[in-house]
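One structure below.
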Protein chains: 2
Amino acid sequence: MILKSQVEWALHCCAILAGLPEGRYLSTKALAEFHGLPKEYLSKALQSLSQAGLVHTTLGPSGGYRLARPPAELTFLEIIEAVEGRAPTFVCTNIRANNPCRPQGYCESGPCAVARIMGEADEAWRAKLRSVRLSDLVASLSQEIPAELWRSSFEWVLDRAG
Amino acid sequence: MILKSQVEWALHCCAILAGLPEGRYLSTKALAEFHGLPKEYLSKALQSLSQAGLVHTTLGPSGGYRLARPPAELTFLEIIEAVEGRAPTFVCTNIRANNPCRPQGYCESGPCAVARIMGEADEAWRAKLRSVRLSDLVASLSQEIPAELWRSSFEWVLDRAG
DNA sequence: GGGTTGTTACTCGGATACGGCCTGTCCGAGTAAGTTTGG
DNA sequence: CCAAACTTACTCGGACAGGCCGTATCCGAGTAACAACCC
């Protein structure tokens, strides 16, 4: 059980987009080159974000992406679920129904104990991700990255925006 | 990101094994037929449990599996990790290293903020699973399953043990 | 009758096959900004 | 000088290929309990 690499890409791209000046857009090409990623494939991840309504997009030159909401109103979970999907990590195939001793027509209601516990663990994971906002990530990043590198990186990427 | 079906199978099988009388073993065949699962493939899940040291096995007739420890000393996490592997759900490919503005030879130490947050979420999931013991599952199951079905199921499966 | 041999039933591990999903690439359609052209 | 047409650069969506992994099956090797056999 492993998250697809697009999740990592989407999170890093959102961190960049969070620092974008109002009204400007960042192209897939700029984001791909900055992170050293295949442009065409990264585009798929950004499309997922767009489809989920987390980013806005504009066509034409100087087009690209920008966040649809301020970073403080975007959670990790939203970004991850946009790319990875909202399916629970554990799917119960209800194998208890195959019990040969089960009385005819007997139908247990609700999820079994196994599914319930796995669901709680899944929810613990999601709750943690829901509690972290994109603005928290930006705050962490700007703490652990030298101010000089932070500034020059933004210049570099803004240079490639229209 | 979805857990393999073997995880569900292993958990249900462990629940059955937890009620096994001392000194007896349960064969793959009995467990497979009881749950309506392909015997050969279920065997792979049980082999994983065996390799992780969670169950003991005996060859020959009346052979099979039994728990290596009492159910109160077996956690959900151990069972799941035995089948699913211990790899973290999020792998950081360290794409920050591709930043074109990164000074030559500059090497950031430790995981980046994204990896750290994802790691914390992963740990929240594991902590929940670590807190649930196999004996807790058995207690839940015996509450939600009619006593009669519980008893007859055990008779059925013990009938198929040597 | 006791020890030896053979049979049976099981686990274990490897080999193999198939399908689906993740990864990655390519290309055409549509759109918006800037440039050129024509009146 | 202004408006229309053209070019450019980007997003979007679909199509497609390759590879890995989960699912599933089959089979041979090894082992332990039991049955049969022989001295």
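Note on naming: letters A, B, ... go to the chains in the order of the sequence lines (proteins, then strands), and numbering restarts at 1 for each one.
The listed nucleotides are D:dT23, C:dC10, D:dA33; the one nearest the side chain of B:Lys29 is C:dC10. Closest to the B:Pro38 side chain, of the nucleotides D:dT23, D:dC10, D:dA24, is D:dA24. Checking D:dG22, C:dT11, C:dA9 against the side-chain heavy atoms of B:Leu59 singles out C:dT11 as nearest. For B:Lys44, taking side-chain heavy atoms from C-beta onward, the closest of the listed nucleotides C:dT23, D:dT25, D:dA33 is D:dT25. Checking D:dG13, D:dA24, C:dG13 against the side-chain heavy atoms of A:Gln47 singles out D:dG13 as nearest. Taking every side-chain heavy atom of B:Tyr65 into account, C:dC12 is the closest of C:dC12, D:dC26, D:dC12. Taking only side-chain atoms of A:Lys4, from C-beta outward, the nucleotide of D:dC12, C:dC12, C:dT23 with the closest atom is C:dT23. When distances are taken from the side chain of B:Pro61 to each of C:dA32, C:dT25, C:dA9, the shortest belongs to C:dA9.
Computed from coordinates, the A:Leu42 CG to D:dC10 C1' distance equals 14 Å when rounded to whole Å. Between the P atom of D:dG22 and the CE atom of A:Met1 lies a distance of 11 Å, rounded to the nearest Å. The distance from atom NE2 of B:His56 to atom P of C:dT11 is 16 Å, rounded to the nearest whole Å. For A:Tyr41 and D:dA17, the OH to C1' distance is 13 Å, given to the nearest whole Å. One can place CG of A:Leu26 at 9 Å from P of D:dT11, the figure rounded to the nearest angstrom. Whole-Å rounding puts the A:Glu84 CD to C:dT23 P distance at 8 Å. Atom-to-atom, CD1 of A:Ile2 to P of D:dC20 comes out at 15 Å; the value is rounded to the nearest Å.
For the OP1/OP2 pair of C:dC12 and a distance below 4.0 Å, the side-chain nitrogens and oxygens of B:Ser50 include at least one atom meeting the criterion. Residue A:Thr28 places none of its side-chain N or O atoms closer than 4.0 Å to OP1 or OP2 of D:dC10. Contact annotation: B:Ser62 does not reach the phosphate of C:dC10 (side-chain N/O to OP1 or OP2, under 4.0 Å). Proximity of A:Ser43 to the phosphate of D:dC12: no side-chain N or O atom is located under 4.0 Å from OP1 or OP2.
A single hydrophobic cluster is seen to contain both B:Val132 and A:Met1, as judged by linkage of ILVMFWY side chains at heavy-atom distances under 4.5 Å, directly or through other members.
A salt bridge (charged side-chain N to carboxylate O under 4.0 Å, His left out) with A:Glu78 is found for one member of A:Arg130, A:Arg126, A:Arg133, A:Arg69 and no other, namely A:Arg69.
Residues A:Ser27 and B:Lys39 both approach DNA chain D. Their nearest nucleotides, taken by heavy-atom distance, put A:Ser27 toward the 5′ side. Positionally, the nearest nucleotide of DNA chain C for A:Leu3 lies more toward the 5' end than for the other of A:Thr58 and A:Leu3. Across the interface with DNA chain D, nearest-nucleotide mapping of B:Gly60 and A:Leu46 shows A:Leu46 to be the residue nearer the 5′ end.
Here the closest non-hydrogen pair linking A:Tyr25 and A:Ser62 is CB-O, 3.9 Å.
With a 4.5 Å cut-off on side-chain heavy atoms, B:Leu129 and A:Met118 count as touching.
For A:Glu8 and B:Thr93, the side-chain atoms include at least one donor-acceptor pair closer than 3.5 Å. With hydrogens and angles left out, the side-chain atoms of B:Asn94 and B:Arg96 include a donor and acceptor closer than 3.5 Å.
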